[in-house]
Amino acid sequence: MLNQTDSIIGCLLGTAVGDALGLPCEGLSKHRQRQIYPNITRHHFFFNKGMVSDDTEHTCLVAQSLIISGDNEQLFRREWAFVKASTRITHTDPKAEFGALAVAIAAYLASCHSIVSPQAYYQTLQEVLGMEATEFLELIKKACDSAAKGQTSESFAMTLGCSQGVSGYVYCTVPMVIHVWLRHQRDYPGAIAEIIRLGGDTDTTAAILGGIIGGSHLLSLKLLPYSD
């Protein structure tokens, strides 16, 4: 288990690397993606360099708000108000908050344990969200049950109607990310490659997944050839 500082650094780095790897593949069909990028072990955006999107930028804004506020909750709320206002320009549905909590809990548990069981993750999320998020919890439970049974992420994507790619809709994005994370908790490269190969909104899915796994694997991230 990493200390808190390393977990935070790993989360930010994991988000940025996943985002940059997924960005060139965004919106491509799975077939076209494999034709253009047969190898996802390095960056492809510009002269073998990567570029992050707004997914990483929003993550950094949250981090800056936390740094400025320290342990002062009121100061954090004041700083966060700017981030919240900018986010709600495009994300006004309460479902987005369910998804954000699901990701945050996954990242927290990943930073505390070498391996998190699907059942333990679901139980924790259920306790936090409660009955208000019944529909979302049903989708997460499907993801957890599927991962526990060893179903491939590609097969699970088909059950969500995402066979042509994972959309940016939170009820598609988050269950798929959780499924891949539960199957590849100690394999950052394998997890990122798998979520990108599912197609769709690849920069977002890879960024979210990268942040979850990165929070517990800082050293492994530093050794990756594409994390310079």
Side-chain angles (χ1 to χ4, degrees), residues 1-26 40 43 50-67 80 83-84 86-87 91 96-116 121 124-125 128 140 143 147 153 166 168-170 172-198 200-224 226-228:
M1 183 177 72
L2 299 178
N3 61 45
Q4 186 179 60
T5 299
D6 284 346
S7 290
I8 293 171
I9 294 173
C11 181
L12 292 171
L13 180 58
T15 298
V17 172
D19 187 4
L21 287 169
L23 186 58
C25 299
E26 183 182 15
I40 309 181
H43 291 296
M51 177 177 177
V52 299
S53 73
D54 61 325
D55 296 301
T56 299
E57 291 172 351
H58 280 177
T59 304
C60 290
L61 286 172
V62 175
Q64 288 173 340
S65 295
L66 289 169
I67 291 170
W80 175 242
V83 181
K84 189 174 184 179
S86 66
T87 302
H91 299 80
E97 295 183 14
F98 300 155
L101 280 169
V103 171
I105 289 170
Y108 171 74
L109 292 176
S111 71
C112 296
H113 307 280
S114 297
I115 295 293
V116 180
Y121 169 71
T124 302
L125 182 62
V128 172
I140 296 299
S153 294
V166 183
Y169 178 46
V170 64
C172 294
T173 302
V174 176
M176 283 310 315
V177 166
I178 295 303
H179 189 276
V180 178
W181 163 58
L182 289 172
R183 295 184 65 248
H184 298 279
Q185 296 182 50
R186 300 187 63 81
D187 180 12
Y188 183 94
I192 294 300
E194 182 162 313
I195 200 77
I196 291 175
R197 287 305 188 206
L198 291 175
D201 194 4
T202 51
D203 61 327
T204 298
T205 55
I208 296 171
L209 180 61
I212 294 173
I213 300 179
S216 60
H217 290 80
L218 176 60
L219 179 60
S220 298
L221 283 170
K222 287 183 175 179
L223 296 177
L224 293 176
Y226 45 66
S227 63
D228 294 337

Inset, instruction - Please assess I195 against S153 for the test side-chain contact (heavy atoms from CB on, under 4.5 Å), listing each intermediate value before the final yes or no. - result: CA-CA 8 Å; I195 200 77; S153 294; over 6 Å; no

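H184 approaches A191 most closely through the heavy-atom pair CB-CB, 3.6 Å. What you find for A143 and P175 is that their closest heavy atoms are CB-O, 3.5 Å. In terms of heavy atoms, A206 sits closest to I192 at O-CD1, 3.5 Å. Residues M176 and V166 approach most closely at CG-CG2, 3.9 Å, considering heavy atoms.
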Give every donor-acceptor pair under 3.5 Å between a side-chain atom in residues 8-20 and any protein atom, sequence neighbours left out.
{"residue": "T15", "atom": "OG1", "partner": "C11", "partner atom": "O", "Å": "2.8"}
{"residue": "D19", "atom": "OD1", "partner": "S53", "partner atom": "OG", "Å": "2.9"}
{"residue": "D19", "atom": "OD2", "partner": "S53", "partner atom": "N", "Å": "2.8"}
{"residue": "D19", "atom": "OD2", "partner": "S53", "partner atom": "OG", "Å": "3.1"}
{"residue": "D19", "atom": "OD2", "partner": "T56", "partner atom": "N", "Å": "3.3"}
{"residue": "D19", "atom": "OD2", "partner": "T56", "partner atom": "OG1", "Å": "2.7"}

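Taking Y121 as the reference, W181 meet the ring-ring contact (aromatic ring centres under 6.0 Å, His included) condition, with sequence neighbours excluded. Taking E194 as the reference, R183 meet the salt bridge (charged side-chain N to carboxylate O under 4.0 Å, His left out) condition, with sequence neighbours excluded. Contacts of R197 classified as side-chain hydrogen bond (donor to acceptor under 3.5 Å, both in side chains), with partners at least two apart in sequence or in another chain: Q33. Legend: residues meeting side-chain contact (heavy atoms from CB on, under 4.5 Å) with I67, ordered by chain and number and at least two apart, are absent. In this structure, Y108 has no side-chain hydrogen bond (donor to acceptor under 3.5 Å, both in side chains) partners at least two apart in sequence or on a different chain.
Side-chain contact between H43 and L21 is present, with at least one heavy-atom pair separated by less than 4.5 Å.
With hydrogens and angles disregarded, no donor-acceptor distance shorter than 3.5 Å links the side chain of T202 to the backbone of I196. Judged purely by atom type and a 3.5 angstrom limit, D54 has no side-chain atom pairing as donor or acceptor with the backbone of E57. With hydrogens and angles ignored, the 3.5 Å screen pairs no side-chain donor or acceptor of S216 with any backbone N or O of S111.
Each of T173, T204, V180, V103 was checked for a side chain to side chain contact (heavy atoms under 4.5 Å, CB included) with L209, and the lone residue meeting it is V180.
Separation of atoms CD1 (I212) and OH (Y188) is listed at 11.0 Å; rounding is to 0.5 Å. Distance SG/C25 to CG/D203: 10.0 Å, rounded to 0.5 Å. To the nearest 0.5 Å, atoms OG1 (T124) and CG (L109) are separated by 5.0 Å.
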